[in-house]
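This one's a predicted model, so the numbers in the text were calculated from it and none came from an experiment.
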Amino acid sequence: MQLVFYGADKEVTGSCHCLEACGKRILIDCGLYQGESESENRSFPFYPSQIDAVVITHAHIDHSGRLPLLVKEGFQGKIYATGKTCDLLGIMLRDSAHIQMVDALNANRKKRRAGEAAKEPLYTLDDAEETLKHLVPCVYGETVSLFDGIRFRMIDAGHLLGSASIEFHVEENGQKQTVVFSGDIGNVNQPIIRDPQYLTEADYVVMESTYGNREHDPIASYIPELAEVFDKTFAAGGNVVIPSFAVGRTQELLYFIREMKEQHIVKSLPDFPVYVDSPLAAEATKIYSGDLTGYADEDTVRVIRSGFRPLEFSNLHTCSTTEESRALNEDPSPKVIISSSGMCEAGRIRHHLKHNLWRPECSIVFVGFQAEGTLGRMLIDGVKQVKLFGEQIAVQAQIYNFKALSGHADHTGLVKWIESFERKPKRVFVVHGEQFTAQDFADELKQRGFPSYVPNFRAVADLTANRILDEGIAPEKRRPIRGAGKTSPAFSRLIAAGQRLMRVIQHNEGGANKDLARFADQILALCDKWDR
């Protein structure tokens, strides 16, 4: 009985773990990498034809986005997920396939001019359609007999409509083990969806750590602060551009914006126009507005049944075509533009950033986690210039980061989740977190009495003997830093200093704004001096 780690190991995207037991191999999630590691999407570290089943925690693309590639390369088994996750996968995987095909088409125009070989899309719409035939809807709390000796049940993780933590019960050679996969654990008091539910028993836990060393801003301050950003931006004649995940975060934003309008707290432009520029978000909103019995909190189910639409308000528009999307940037009037992707790595949001980043009267508002290496993370970190569609764009818009809106549990929420186990697990595997964040959280868990381990990519754990059989491939060996092959001792020292700097930055989370601004200015001045 083994666990093998194939993704989101000391990083935040590409979630993929494999439970091997009773002669079967079961993937838990099969997500796309985003950011600097995106090139690794094209190959699996295993044979897809040898995977017997897949269980998906939720529909976000970093947990599900390589399913069509898995099917394309030979997987023939069933894919299990909650009913609403299956509904959302129906739109998300088709949308992802469309992006893969468009990206390949655009890349091939350049390759043809350069005389280079054509690039194949990662997968096509046909691959996505074939994948959807493998889906098996599950119900929260229902025990599913997967194979002889292996059964599982799902409980609400409170992260996204249909998201789940998964509890496996495995019996092999007389040995019984309970293995829990947290999935992404949700934030509390989010609109529409329920708070996370908690499990109480496990021998082993595979646990996310996205915000393992950080706390969110108080949720109560969110609406007034966002309204203030809107007010200032509209008064200056600018646009508010919100890069948002099309599923989950966009629907929560619409819920809050409706409340803003009802409370009349945006004075400069009370009935401001809001454009959802994402066909995927529009389709997802239809699912969020349907029958949510068994998924949404009781208040939301009650108001939807009464005929009220919590995601609708005056001056709300959706953009279906690219022509409608382009028209937004030709219209000089102030507006809110909500567009995907949430980390600014693909989609229409990059066009809106091109047209608004250089305008000091505009605001860019981030409402979700930004992984290392993504454009969104670079903007939050204070980059002064970015390259979009071959053009250098000055960053002069105001950049805001509303961490309170995160769909992930913060440090306090993660601790509450793990401490719900009445008996401490034999080991907690800490995944889905940036390297130092995951390690910091694992160290804290050890102090709290939880044996913890942060696996590398391709690490192998023996669950029968509770030992690590293979340490896997560390990040620095898996993706060597450019030039690392001929690194001098001095350059190695510089790399170590940079890693220490990142730890110091993280340890200053929550410091006084004045001190943080001075710290950032010093770092940027150092970068300006040494950037060659």
Side-chain angles (χ1 to χ4, degrees), residues 59 83-84 87-88 90-92 95 160-163 187 189-194 219 222-227 229-231 233-234 239-321 324-325 327-328 331 333-340 342 347-349 352 365 367-368 402 404-405 407:
K84 286 301 177 188
D87 290 344
L88 292 172
I91 58 173
M92 294 193 75
D95 181 76
L160 178 73
L161 194 67
S163 64
N187 201 356
N189 299 322
Q190 296 183 90
I192 307 173
I193 65 175
R194 299 180 294 199
I219 194 74
Y222 168 67
I223 290 181
E225 288 185 10
L226 184 59
V229 172
F230 285 16
D231 231 345
T233 306
F234 298 150
N239 295 324
V240 177
V241 178
I242 307 180
S244 179
F245 296 101
V247 180
R249 198 66 57 246
T250 292
Q251 290 72 39
E252 291 171 16
L253 277 168
L254 296 179
Y255 188 99
F256 284 126
I257 291 173
R258 176 186 56 78
E259 289 192 344
M260 266 187 231
K261 289 200 170 194
E262 288 178 351
Q263 297 170 20
H264 306 290
I265 54 178
V266 177
K267 304 299 184 184
S268 60
L269 190 60
D271 192 26
F272 54 90
V274 177
Y275 292 87
V276 177
D277 186 22
S278 166
L280 172 61
E283 289 299 313
T285 301
K286 292 178 184 177
I287 294 175
Y288 270 74
S289 300
D291 184 3
L292 302 185
T293 304
Y295 292 93
D297 59 49
E298 293 181 3
D299 289 342
T300 301
V301 171
R302 186 168 53 252
V303 298
I304 290 176
R305 284 179 175 171
S306 71
F308 179 67
R309 293 289 177 258
L311 304 183
E312 295 180 6
F313 48 82
S314 65
N315 223 350
L316 172 63
H317 313 273
T318 57
C319 299
S320 300
T321 67
E324 291 172 331
S325 178
L328 296 181
D331 174 16
S333 59
K335 65 187 77 64
V336 174
I337 301 172
I338 303 172
S339 187
S340 57
R348 297 178 181 182
I349 187 61
H352 297 307
V365 177
V367 292
F402 279 82
L405 246 188

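Side-chain contact check for Leu160 versus Ile193: every heavy-atom pair is 4.5 Å or farther apart. Arg348 places a side-chain heavy atom less than 4.5 Å from the side chain of Pro279. Residues His352 and Ser325 meet the side-chain proximity criterion, which asks for heavy atoms closer than 4.5 Å.
With sequence neighbours left out, the side-chain hydrogen bond (donor to acceptor under 3.5 Å, both in side chains) criterion links Thr318 to no other residue. With sequence neighbours left out, Glu262 forms a salt bridge (Lys or Arg N to Asp or Glu O under 4.0 Å) with Arg258. In terms of the side-chain contact (heavy atoms from CB on, under 4.5 Å) criterion, residue partners of Pro191 (sequence neighbours excluded) are, by chain and number, Glu252, Tyr255, Phe256. Residues forming a side-chain hydrogen bond (donor to acceptor under 3.5 Å, both in side chains) with Asp95 (at least two apart in sequence, or on another chain): none. Tyr275 meets the ring pair (Phe, Tyr, Trp, His ring centres under 6.0 Å) test with His317; sequence neighbours excluded. Lys286 is linked by a salt bridge (Lys or Arg N to Asp or Glu O under 4.0 Å) to Glu283, counting only residues two or more places apart in sequence or in another chain. Every residue was checked against the salt bridge (Lys or Arg N to Asp or Glu O under 4.0 Å) condition with Asp297, not counting sequence neighbours, and none meets it. By the side-chain contact (heavy atoms from CB on, under 4.5 Å) test, Ala296 is found to be paired with Ile192, Leu292, Thr300, Val301, residues two or more places apart in sequence or in another chain being considered. A search for side-chain hydrogen bond (donor to acceptor under 3.5 Å, both in side chains) contacts involving Ser340 returns Ser278, not counting sequence neighbours. Remark: Asp87 engages Lys84 in a salt bridge (Lys or Arg N to Asp or Glu O under 4.0 Å) (not counting sequence neighbours). With sequence neighbours excluded, the residues that form a side-chain hydrogen bond (donor to acceptor under 3.5 Å, both in side chains) with Thr293 are Asp291, Arg305. Remark: Tyr288 pairs with no residue by the ring pair (Phe, Tyr, Trp, His ring centres under 6.0 Å) rule, at least two apart or across chains.
Here the closest non-hydrogen pair linking Gln251 and Ala281 is NE2-O, 3.4 Å. Closest approach of Ser339 to Ile349, counting heavy atoms only: OG-N, 3.3 Å. Closest non-hydrogen pair, Leu316 versus Leu311, comes out as CD2-O, 3.5 Å. Nearest approach of Lys267 to Pro270, heavy atoms of both residues: O-CD, 3.6 Å. Of all heavy-atom pairs between Phe234 and Pro334, the closest is CD2-CB, 3.7 Å.
The distance from the CG atom of Leu269 to the CG atom of Asn315 is 8.0 Å, given to the nearest 0.5 Å. How far CZ of Arg249 is from CG of Leu254: 12.0 Å, rounded to the nearest 0.5 Å. Taken to the nearest 0.5 Å, the CZ atom of Phe402 stands 11.0 Å off from the CD1 atom of Ile223. Once rounded to the nearest 0.5 Å, the distance linking CG of Leu253 with CG of Leu226 reads 7.0 Å.
Although no hydrogens or angles enter the test, the distance criterion places a donor-acceptor pair under 3.5 Å between the side chain of Arg194 and the main chain of Gly294. For the pair Gln263 (side chain) and Met260 (backbone), a donor-acceptor distance under 3.5 Å is absent. The backbone N or O of Lys335 lies less than 3.5 Å from a partner atom in the side chain of Asn239, making a donor-acceptor pair.
For the side chain to side chain contact (heavy atoms under 4.5 Å, CB included) test with Ile338, the passing option among Asp277, Val241, Val274, Val367 is Val274; the others fail.
In this structure, Lys261 is positioned above the aromatic face of Phe272, its NZ or CZ under 6.0 Å from the six-membered ring centre and within 45° of the axis.
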Begin with the C-alpha distance, continue with both residues' side-chain angles, and end with the deciding distance and a verdict on side-chain contact (heavy atoms from CB on, under 4.5 Å) for Val276 and Thr285. CA-CA 10 Å; Val276 177; Thr285 301; 5.7 Å; no

